[in-house]
Amino acid sequence: MQFKVVIAGRPNVGKSALFNRLLGRRRSLVHNLPGMTRDVLEAEASLPDERIYRLVDTGGFDPEGREPIPKAVREKALAAIRGADLVVLVMDASAGVLPGDRAAARAAREAGADTIVAANKIDRKEGSEGEVEAWELGFPEVYGVSAEHAVGVDDIQTAIAARMSASSSEGISTERTEDRSADGSAEIALAVVGRPNVGKSSLINALLGREQAIVSEIPGTTRDSVDAVLVHAGRRFRLVDTAGIRRKSRTERGPEVLSVVSARKRIEESDVVLLVLDANEGVAAQDSAVASAAYETGKGLVLIGNKWDLAGRPGEEAAKEFAATVEERLPFATHAPLLLASARTGRGISRVLDTAARVAENRRRRITTGELNRVLGRPLRDKPPRTVSGKRLKVFYVAQTGSAPPTFTLVANRAEALHFSEARRIENIVRKAADFGGSPIRISIRGRAQTKKSKVQGPRSKGEGQRKRSKPRVEKEK
Ligand code: GDP
């Protein structure tokens, strides 16, 4: 089956012009008359890399039905949207977001279609404001284009290309990870990692041995690996490569560097990392390498201070001290909850899975664009954030452009990475607005064209919000 891209939007936003641009050579007439309607057009289009896809132009789609469009034509357009692999929702950036655009967005959303927004006519004076407004439609990707002047059309093609390769490589492990935990009831994959002898096997045994846990062993994703699946409080958890942890493989006993490698593999397979520490030995360099691997791969993180039964001193004081050590030694983990536990006595173990589930949920959390701009609007206006080179950014708009891990995009007057302290400031505000505990947060900057001639899509760059932030929380034991 050919990959199907459907162009939709209210009348006169430039759908036909974009259709013709994407088709390239085979140009047809572009209608300019207001209210001009056509039937659904279909053609074969090709990407710059020669791959072929089916392109559909729903020329007559007026979601509000105010234009005199025959019902049959509208129905055809809706059917096209329902059958789309990707909808390119075109809006007129020079006109801003109008009710018709919202209605078209609603139609795409109701059809459950993967949708990107093409904010067209950005060559016009009011175009760049409108492009920023287009985020309001609530889709994670907005591209400023000028179909008439062939600006930004390559970005649309890149977005199409990315989907085509993703759909042709079904079954790769990252996709499975996404599917497995797409909602709260789905499986949560956990990677138990930590230095040799901190108590990983003991922790796994304690988790699997709990009453009411229903356990089964299933093949893991890599050769010879075995995962354990358990059900707790109505949720499925998959402990990645338990056999490898229990086997005490040579890498476990060997140089530390090798055990970081095996930990990395497990981390990649997971949604949430359980980093086991020996609460009596403190934190080693290897622990910090593992915490940073969890951060870099965008995974959730729960810290477990194991062997707490051996901490021979008054609980409260020792707990504070340990938390302080963790904060100092694990700068990539300040967002992570810290549990004090004992795999031997079972203390604190009951909280491990519930905490991991909460972190998995936080990692998939989304905040609405409205809420985001409500909490960030004023702080960013009052004190425009500095970039790495010390320039002030004028931020027009903020949108959450991804989850797992939550990713926020600042649309600003230039695309330059934030100074780390500014990334931290913004991250702290976002973390106050909603519970992202245990999950890393990404902040990226997108530049917006300021003049007719400047490039529309600035490069996307990551902020560096990974320094020390808020204090790690010590979770009270039960
Ligand atoms: P792994 O190498 O990380 O899998 O560590 P193990 O689970 O094999 O544990 C190493 C040693 O620490 C074993 O002798 C365990 O019995 C012991 N151990 C594990 N957890 C605890 C704990 O919470 N308290 C105490 N006192 N000992 C523990």
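Every value quoted in this text rests on a predicted model; they were computed, and no experiment measured them. Ligands are counted one by one from 1 in listed order, and the atoms in each one are counted from 1 as well.
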Below 4.0 Å, non-hydrogen atoms only: which portion of D309 touches ligand 1? Side chain, backbone, both or neither.
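D309 to ligand 1: side-chain contact only, backbone stays beyond 4.0 Å.
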Within the 4.0 Å heavy-atom cut-off, what P196 brings close to ligand 1 is backbone
Out of all atoms in ligand 1, which are within 4.0 Å of some heavy atom of [X]? Include the element for each.
X    : result
K200 : 1 (P), 2 (O), 3 (O), 4 (O), 5 (O), 7 (O)
L310 : 26 (N)
S202 : 6 (P), 7 (O), 9 (O), 15 (C), 19 (C), 20 (N)
R195 : 3 (O)
S342 : 22 (C), 23 (O), 24 (N)

Practice task
Check if R347 has a non-hydrogen atom at a distance under 4.0 Å from any atom of ligand 1.
Solution key: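 No.
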#### Entry: Over 12 non-hydrogen atoms of neighbours within 6.0 angstrom of CZ in R378
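Open: at most 12 neighbouring heavy atoms sit under 6.0 Å from CZ of R378.
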Say you draw a straight line from [atom1] of [X] to [atom2] of [Y]; how long is it, rounded to the nearest 0.5 Å?
X    : Y    : atom1 : atom2 : result
R386 : F420 : CZ    : CZ    : 9.5 Å
I267 : K299 : CD1   : NZ    : 9.0 Å
S403 : F436 : OG    : CZ    : 9.5 Å

Worksheet item: Hey, is the main chain of N413 close enough, under 3.5 Å, to the side chain of K394 for a donor-acceptor pair?
Response: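 Pair absent, no side-chain N/O of K394 close to backbone of N413.
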> If you measure only the distance, is there a donor-acceptor pair under 3.5 Å linking the side chains of N428 and R431?
Replying inline: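 The criterion, which ignores hydrogens and geometry beyond distance, is not satisfied for R431 and N428.
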Do ligand 1 and [X] have nitrogen or oxygen atoms that lie under 3.5 Å from each other?
X    : value
A341 : no
L203 : no
W308 : no

### Lys NZ or Arg CZ of R102 over F139 ring: under 6.0 Å, within 45°
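No, R102 does not lie over the aromatic ring of F139.
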Q) So, is the end of the R446 side chain (NZ or CZ) under 6.0 Å from the ring centre of F396 and within 45° of the ring's axis? A)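 Not satisfied by the 6.0 Å and 45° rule.
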Check: of N197, V198, N280, min heavy-atom distance to atom 10 (C) of ligand 1 comes from N197
